[in-house]
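Here it is, the structure, as structure tokens.
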Amino acid sequence: MFYTIDFNKIDITNAPPETEPERQYYFIAKCREYVQKKREELGRPLLCCIKTFGCQMNARDSEKLIGVLEAIGYQQVDTEEADFVIYNTCTVRENANLKVYGRLGYLKNLKKKNPNMKIALCGCMMQEEKVVEKIKKSYRFVDIIFGTHNIYKLAELIDIHLNSEKMAIDIWKDTDKIVEELPNERKYPFKSGVNIMFGCNNFCSYCIVPYVRGRERSRKPEDIVHEIENLVADGVVEIMLLGQNVNSYGKNLENSITFAELLKRIEKIEGLERIRFMTSHPKDLSDELIEVMKESKKICKQLHLPIQSGSSRILKAMNRHYTKEQYLELVKKIRGAVPDISLTTDIIVGFPGETQEDFEETLDVIRKVRFDSAFTFIYSKRTGTPAASMENQVPDDIIKERFDCLLAEVQKISAELTGRDIGKIEKVLVEEENTHQKGFVTGRLSNNILVHFEGKKELIGKIVSVKLEEAKGFYYIGTLSSTV
Ligand code: 5AD
Ligand code: SF4
């Protein structure tokens, strides 16, 4: 395993190994020499910073990238005034791209002040040819560009760049490779994301993800269980299983297995307390999974189930493979099995051809389901997706009006729901000291809602019982009831 590796013992005078992850261990060892030399030259440690845009998959990838940079010898800081800066980008909506271009201007100035600075860009945005072309042309100060399929190669790419002193670019169109057992650094010692699959095969007509994250690839169940066992041995009590569509996990494995079966195996891991997962596609959510959720002691009472639109006509154009009625039926089944489950969703407003009637259907679903919270998005045209060339794109002012209306409705319901557990004593995983109130800590309920209560920082990472006293918008104020 990586944490037993002594990088100082790797002989870098030999040629690099061909197999992974040994090849990357070799390049980590090589880059360590560079960092060590620079550190002596400058008389200070070398600092690194990674800014993550987008979803939980990117957040997890960033932990892996930080793990490699730390193994190389960089020290992590929050500010971009560092010697190695990575932007792990997102491209799911246009404004995610614009944010990155905006911040690159800022990085250019920082690099002028610190000639040792290295800048790397990776993530979904880099899988788009026109983006890479633009960076090659207008952002010459960027040192390394890589994509979503080869993040494990960071050390090797740093080495290539150091040797050539040119911009190192390595983007793969797709991959069937999954490289495990590289260093990774968790943001929280007591909880962790765990990738169970990569890519997406759904091709929802608005979505760029299948083009930038490639085809669905599931990790073997034994590798997943092994990783979680190691995490638990290292102090983790809560895991979040990650995939674009976890409900289709395992279908394309040689020995096929369902997501529900995987959950049953994970449930058995001793010492693991909480299991979360995302994202679930309504079309693939099976009765078997609902049954497992009902019986489980560890699966959290929370389900993220993106609906995207309440209009069956729009859902068809989105290529979602379910109707409004089928979604409502599914929610009924889930709530029947797990009555106190918290449901969250994603909704897109202004998909091409969306009429006022279609939008009213979305409002209707929101009122019927009463989601605990919902991420609401304005439709963003992504070049190359089928929806980008659809006629009847909705005018901006109408979209804005619908968006405001939807948000108000979602927030109203959300605030009403938060209060429903007042007076109850619930288990809370304590996550951090409260930044606003001294002597307070903040944790999460099984249903993911935040709770603030008086407590010492020694409670961080522990599951405690808290009485929920007061609901404030989207969180609770509580009092510690017991530390068991
Ligand atoms: N425009 C707006 N929202 C989008 N999403 C995906 N693609 C787009 C797009 N082109 C939203 C969906 C998805 C979430 C992660 O991002 O709601 O569930
Ligand atoms: Fe995009 Fe649809 Fe795949 Fe989700 S399921 S990543 S929305 S294509």
Side-chain angles (χ1 to χ4, degrees), residues 1-5 56 59-60 63-64 67 178 180-197 218-243 246-247 249-250 253 255-278 280 286 288-303 337-338 340-342 425-432 441 443-448 451 455 457-466 480-484:
M1 284 300 295
F2 63 82
Y3 29 80
T4 56
I5 286 174
Q56 306 251 7
R60 181 66 184 143
E63 291 184 344
K64 296 177 182 171
I178 298 176
E180 322 247 359
E181 306 207 335
L182 281 167
N184 68 78
E185 179 61 36
R186 289 197 307 278
K187 189 169 170 208
Y188 298 96
F190 50 85
K191 68 170 185 178
S192 179
V194 174
N195 296 107
I196 62 164
M197 59 196 299
S218 296
R219 286 178 70 196
K220 290 196 203 114
E222 53 273 25
D223 290 345
I224 297 170
V225 169
H226 185 59
E227 178 177 343
I228 299 171
E229 282 168 348
N230 280 330
L231 287 167
V232 170
D234 199 33
V236 165
V237 291
E238 177 178 307
I239 51 153
M240 167 76 91
L241 304 173
L242 297 169
V246 290
N247 302 109
Y249 169 78
L253 280 172
N255 298 317
S256 74
I257 164 172
T258 62
F259 179 53
E261 283 165 22
L262 176 74
L263 283 170
K264 280 200 251 174
R265 288 202 205 174
I266 295 174
E267 172 104 14
K268 289 195 194 120
I269 299 175
E270 232 171 277
L272 181 67
E273 304 276 354
R274 284 181 166 185
I275 305 169
R276 299 185 192 275
F277 54 84
M278 74 185 311
S280 291
S286 65
E288 188 197 7
L289 175 63
I290 297 175
E291 192 55 32
V292 170
M293 290 176 75
K294 181 180 168 184
E295 298 304 325
S296 170
K297 302 257 176 311
K298 296 185 180 177
I299 299 174
C300 288
K301 300 204 178 308
Q302 172 212 5
L303 184 68
V338 192
D340 46 353
I341 197 162
S342 142
I425 295 177
E426 295 283 346
K427 294 263 190 289
V428 173
L429 171 58
V430 186
E431 298 202 335
E432 55 204 2
V441 287
R444 277 179 200 276
L445 295 168
S446 169
N447 66 13
N448 212 30
V451 186
K457 68 170 191 289
E458 285 69 29
L459 292 178
I460 293 172
K462 298 211 163 66
I463 294 181
V464 298
S465 293
V466 175
L480 187 62
S481 172
S482 81
T483 49
V484 220

| request: Identify the heavy atoms of I269 and E229 that sit nearest to each other, and give their distance. | output: CG2-CG, 4.0 Å
| said: If the threshold is 4.0 Å, N to carboxylate O, is there a salt bridge linking R274 and E431? | reply: no
| task | To the nearest 0.5 angstrom, please state how far the CD1 atom of I460 sits from the CG atom of L429. | result | 10.5 Å
| field | R265 to P221 - nearest heavy-atom pair and separation | value | NH1-CB, 3.6 Å
| message | With side chain to side chain contact (heavy atoms under 4.5 Å, CB included) as the criterion, how do I196 and L242 come out once you've worked through the C-alpha distance, each side chain's angles and the decisive distance to 0.1 Å? | response | CA-CA 6 Å; I196 62 164; L242 297 169; over 6 Å; no
| field | Rounded distance (nearest 0.5 Å) linking atom CZ of R444 with atom CD of E432 | value | 8.0 Å
| task | For residues R276 and N447, report the shortest heavy-atom separation together with the two atoms involved. | result | NH1-C, 4.3 Å
| query | How long is the span from the CD1 atom in I463 to the CD atom in E273, to the nearest 0.5 Å? | reply | 4.5 Å
| request: May I ask you to test the Y188-V236 pair for a side-chain heavy-atom distance under 4.5 Å? | output: no
| message | Using the side chain to side chain contact (heavy atoms under 4.5 Å, CB included) definition, which of the options L253, L262, V194 pairs with R219? | response | V194
| query | Is the NZ atom of K220 crowded by more than 12 outside heavy atoms at less than 6.0 Å? | reply | no
| Considering only heavy atoms from C-beta outward, does the side chain of L272 approach that of I266 to under 4.5 Å? | yes
| message | Side chains of R186 and L231, heavy atoms from C-beta outward: is any pair under 4.5 Å? | response | yes
| What do the steps show when you test I239 against V232 for side chain to side chain contact (heavy atoms under 4.5 Å, CB included), and what is the final call? | CA-CA 9 Å; I239 51 153; V232 170; 5.9 Å; no
| field | Beyond-backbone contact of V225 with K268, side-chain heavy atoms, under 4.5 angstrom | value | no
| In Å, rounded to the nearest 0.5 Å, how long is the span from CD of Q302 to CG of N448? | 4.0 Å
| said: I'd like to check the ring pair (Phe, Tyr, Trp, His ring centres under 6.0 Å) partners of F277; sequence neighbours left out, ordered by chain and number. | reply: F259
| note | When every non-hydrogen atom of S218 is compared with those of G250, the smallest separation belongs to OG-N, 3.0 Å
| message | Tell me if a side-chain donor or acceptor on S465 pairs with a main-chain N or O of S481 at a distance below 3.5 Å. | response | no
| task | Working to the nearest 0.5 Å, report the span between NZ of K294 and CD1 of I299. | result | 13.5 Å
| K64 vs L182 side-chain heavy atoms within contact, under 4.5 Å | no
| request: Check the pair L289, T258 against side chain to side chain contact (heavy atoms under 4.5 Å, CB included), reporting the backbone distance first and the verdict last. | output: CA-CA 9 Å; L289 175 63; T258 62; over 6 Å; no
| Check against salt bridge (charged side-chain N to carboxylate O under 4.0 Å, His left out), E238 and K427 | CA-CA 13 Å; E238 177 178 307; K427 294 263 190 289; over 6 Å; no
| field | I341 and M293, any side-chain heavy atoms less than 4.5 Å apart | value | yes
| query | Hey, is K264 close enough to E295 for a salt bridge, meaning N to O under 4.0 Å? | reply | no
| message | On a heavy-atom basis, which atom in V430 and which in L459 lie closest, and how many Å separate them? | response | CB-O, 3.3 Å
| Closest approach of E288 and A260, non-hydrogen atoms and distance? | CD-CB, 3.4 Å
| said: Any heavy-atom pair between the side chains of S280 and L303 that's under 4.5 Å? | reply: yes
| Close side-chain approach of N255 to E222, heavy-atom, < 4.5 Å | no
| task | Carefully, step by step, assess K191 and M240 under the rule side chain to side chain contact (heavy atoms under 4.5 Å, CB included). | result | CA-CA 8 Å; K191 68 170 185 178; M240 167 76 91; over 6 Å; no
